[in-house]
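Encoded as structure tokens, the structure appears first; notes follow it.
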Amino acid sequence: MASVPQVLTFPEVKLSSSSGGRNMPVIGMGTTADPFDETALKEAVVEAISVGYRHFDTASLHKSEKPLGEAIAEAIKLGFISSRDELFISSKLWCSDAHPDLVLPAVKNSLRMLQLEYLDLYLIHWPLSAKPGKIEFPVPKDELLAMDFNSVWVAMEDCQRFGLTKSIGVCNFSCKKLENILSFATIPPSVNQVEISPLWQQQKLREFCKSKNIVVTAYSPLGAKGTRRGTHEVLDNETLKEIANAHNKTVAQVCLRWALEQGLSFVVKSFNKERMRENLHIFDWGLSLDDYKKINEIKQRRLLPKLEMVSPNGPFKSLEELWDGEI
């Protein structure tokens with residue numbers, strides 16, 4: 001057995017509707033890879049566990065459940081953790097499974113791929129459904145469907161009641177769509193995972209979620225540079241570079257410290273060992289009022305309009321058009 005490395009401990013956030021009062025580590029590691037390399041992902045997750053990451057975010061769409069599960073088993077074998085219970089694992093329901101009769105089979109399939117008995121968090125990936133049968137992206141235009149939010153959410157609640165997941169939540173939901181869910185939910189969503197960075201701060205949505213005891217998890221807090229939907233504009237932002245230089249930190253550390261001080265949890269992905277460690281060192285310093293003044297003056301820009309939910313076999317529709325501009 002390998003020697004167990006000394007690891008850092010990180011703050012957690014309480015999930016209001018979690019079974020058993022499960023808490024979520026504020027720092028999570030994303031497992032989306034573009035291009036996808038199963039071996040690299042497994043090695044990165046084992047390394048991440050060894051240095052202290054305990055929260056891992058996956059999705060059926062991203063095909064990362066199987067290698068994540070294998071990495072967890074390897075980390076236990078190596079003695080980096082004693083059991084799966086030391087980790088917080090979230091996965092997501094894809095659009096083609098967002099139908100009341102397919103939710104339970106979908107979460108069971110995710111558990112089978114992960115080789116786990118339960119998830120800590122199961123999320124609706126998008127507020128859209130698609131014709132059943134295939135997990136693919138982009139979704140062909142003629143296969144997109146309006147989601148039956150009530151019946152799908154009832155099935156999500158069943159996932160938690162049956163012990164298949166400790167918590168349930170959503171991704172990419174607006175205030176309006178959250179209000180819809182909350183109007184009939186017996187188990188309210190614990191989490192709303194959305195795009196947030198200093199370049200897209202989502203103040204209104206964050207305030208709404210806070211008022212409803214919904215934890216906001218930021219994805220792409222560094223801009224998802226290097227992916228087809230990502231941008232260099234976050235890490236290359238001159239204002240953020242200036243702040244980073246003043247603190248002798250990286251721009252990534254400034255972005256994550258900002259998210260932490262906003263009361264957010266966040267999912268960040270790097271398979272680079274040095275950057276993986278750097279992303280954890282955000283707790284022994286803070287941003288100044290002058291830093292905040294500068295960050296608040298950054299021009300806001302959403303990444304998602306670049307992300308198309310439909311294939312080019314016909315007219316494109318952006319997410320904004322699909323959601324009538326209300327996202």
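In what follows, every heavy atom counts, from backbone to side chain, and hydrogens, waters and symmetry copies are set aside.
At distances below 3.5 Å, not a single donor-acceptor pair connects side-chain atoms of Trp258 with backbone N or O atoms of Tyr292. Listed for the Gln115 side chain is no donor-acceptor partner under 3.5 Å among the backbone atoms of Met113. A donor-acceptor contact shorter than 3.5 Å is absent between the side chain of Arg301 and the backbone of Leu199. Of the possible polar contacts, one joining the Thr31 side chain to the Asp57 backbone as a donor-acceptor pair under 3.5 Å is found. A donor-acceptor pair under 3.5 Å is absent between the side-chain atoms of Glu65 and the main chain of Thr58, judged by distance alone. Of the possible donor and acceptor atoms, none in the side chain of Gln253 sits under 3.5 Å from a partner among the backbone N and O of Ala244. Within the 3.5 Å criterion, the main-chain N or O of Phe173 finds a donor-acceptor partner in the side chain of Asn192. Side-chain atoms of Thr217 do not come within 3.5 Å of backbone N or O of Phe266 as any donor-acceptor pair. Ser64 places no side-chain N or O within 3.5 Å of a backbone atom of Thr32 that could act as its donor or acceptor partner. No donor-acceptor pair under 3.5 Å is formed between the side chain of Gln160 and the backbone N or O of Met156.
Within a 6.0 Å radius of CG in Asp101, more than 12 heavy atoms belonging to other residues, nucleotides or ligands are found. At most 12 non-hydrogen atoms from other residues, nucleotides or ligands lie less than 6.0 angstrom from CD of Glu117. No more than 12 heavy atoms of other residues, nucleotides or ligands lie within 6.0 Å of NZ in Lys63, so this atom counts as exposed by the packing criterion.
When every heavy atom of Pro100 is checked against every heavy atom of Ser151, the shortest pair comes out as CG-OG, 3.6 Å. Of all heavy-atom pairs spanning Tyr118 and Gly163, the tightest one is CB-O, 3.6 Å. Contact record, Pro11 with Phe283: CD-CE2, 3.4 Å, taken as the closest heavy-atom pair.
With salt bridges taken as basic N to acidic carboxylate O contacts below 4.0 Å, none links Lys42 and Glu74. Checked for salt-bridge contact, Arg161 and Asp158 meet the test: a charged N lies under 4.0 Å from a carboxylate O. Ionic pairing of Lys212 and Glu207 is not present here: no N-O contact between side-chain nitrogen and carboxylate oxygen is shorter than 4.0 angstrom. With respect to the salt-bridge test (charged N to carboxylate O, under 4.0 angstrom), the residues Asp120 and Arg84 qualify. Between Lys241 and Glu238, at least one side-chain nitrogen of the basic residue sits less than 4.0 Å from a carboxylate oxygen of the acidic one, meeting the salt-bridge criterion.
Cluster membership check: Ile81 shares its hydrophobic cluster with Leu119, using side-chain heavy-atom separations under 4.5 Å among Ile, Leu, Val, Met, Phe, Trp and Tyr. Clustering ILVMFWY residues whenever any of their side-chain heavy atoms sit less than 4.5 angstrom apart, transitively, puts Leu264 in the very cluster that holds Val26. In this structure, Met147 is not a member of the same hydrophobic cluster as Val154, with clusters built from ILVMFWY side-chain heavy atoms closer than 4.5 Å. Under a hydrophobic-cluster definition in which Ile, Leu, Val, Met, Phe, Trp and Tyr are linked whenever side-chain heavy atoms come within less than 4.5 Å, directly or via other members, Leu61 and Leu144 are assigned to the same cluster. Residues Val45 and Leu280 are members of one and the same hydrophobic cluster, defined by side-chain heavy-atom contacts under 4.5 angstrom among Ile, Leu, Val, Met, Phe, Trp and Tyr.
The aromatic rings of His247 and Trp285 sit tilted, their planes meeting at an angle between 30° and 60°.
Lys210 forms no cation-pi arrangement with Phe208, by the criterion of a distance under 6.0 Å to the ring centre and an angle within 45° of the ring axis. In this structure, Lys92 is not positioned above the aromatic face of Tyr122 in the sense of NZ or CZ being under 6.0 Å from the six-membered ring centre and within 45° of the axis.
Residues Asn150 and Ile181 have side chains not in contact (no heavy-atom distance under 4.5 Å, counting atoms from C-beta outward). At a threshold of 4.5 Å between non-hydrogen side-chain atoms, the residues Glu297 and Lys293 count as touching. With contacts defined as side-chain heavy-atom distances shorter than 4.5 Å, the pair Phe56/Phe88 does not qualify. Residues Ile168 and Pro189 form no side-chain contact, since every pair of their non-hydrogen atoms from C-beta on lies 4.5 Å or further apart. Taking the side chain as every heavy atom from C-beta outward, Trp94 and Val139 approach each other to under 4.5 Å. Inter-residue side-chain proximity for Asn23 and Val13 is flagged as unmet; no heavy-atom pair is nearer than 4.5 Å. Using a 4.5 Å heavy-atom threshold, the side chains of Val251 and Asp236 count as separate. Leu121 has its side chain within reach of Val191: a pair of non-hydrogen atoms, C-beta onward, lies under 4.5 Å apart.
The side chain to side chain contact (heavy atoms under 4.5 Å, CB included) test with Leu111 is passed by exactly one of Ile89, Leu116, Thr165: Leu116. Tested against Glu278 for a side chain to side chain contact (heavy atoms under 4.5 Å, CB included), the candidates Met276, Glu274, His281 yield a single pass: Glu274.
Here the NZ-CE distance, from Lys14 to Met24, works out to 12.5 Å after rounding to the nearest 0.5 Å. In this structure, Gln262 CD and Gln202 CD are separated by 12.5 Å, a value rounded to the nearest 0.5 Å. Note that the SG atom of Cys171 and the CG atom of Leu123 stand 4.0 Å from one another [nearest 0.5 Å]. Remark: Leu102 CG to Asn109 CG distance equals 11.5 Å, nearest 0.5 Å. Annotation: the span from Phe149 atom CZ to Ser183 atom OG amounts to 11.0 Å, rounded to 0.5 Å. Between the CG atom in Leu128 and the SG atom in Cys95 there is a gap of 5.5 Å [rounded to 0.5 Å].
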| field | side chain to side chain contact (heavy atoms under 4.5 Å, CB included) assessment of His125 paired with Gln193 | value | CA-CA 9 Å; His125 206 150; Gln193 187 180 117; over 6 Å; no

| task | Please step through side chain to side chain contact (heavy atoms under 4.5 Å, CB included) for the pair Leu235 and Thr250, ending with a clear verdict. | result | CA-CA 9 Å; Leu235 293 181; Thr250 66; over 6 Å; no

| said: Please determine whether side chain to side chain contact (heavy atoms under 4.5 Å, CB included) holds for the pair Val234 and Leu240, giving the CA-CA distance in whole Å, both sets of side-chain angles, and the decisive distance to 0.1 Å. | reply: CA-CA 8 Å; Val234 177; Leu240 296 175; 4.3 Å; yes

| Pair Glu38-Lys66, salt bridge (charged side-chain N to carboxylate O under 4.0 Å, His left out): steps then yes or no | CA-CA 9 Å; Glu38 187 169 315; Lys66 179 176 179 289; 3.3 Å; yes

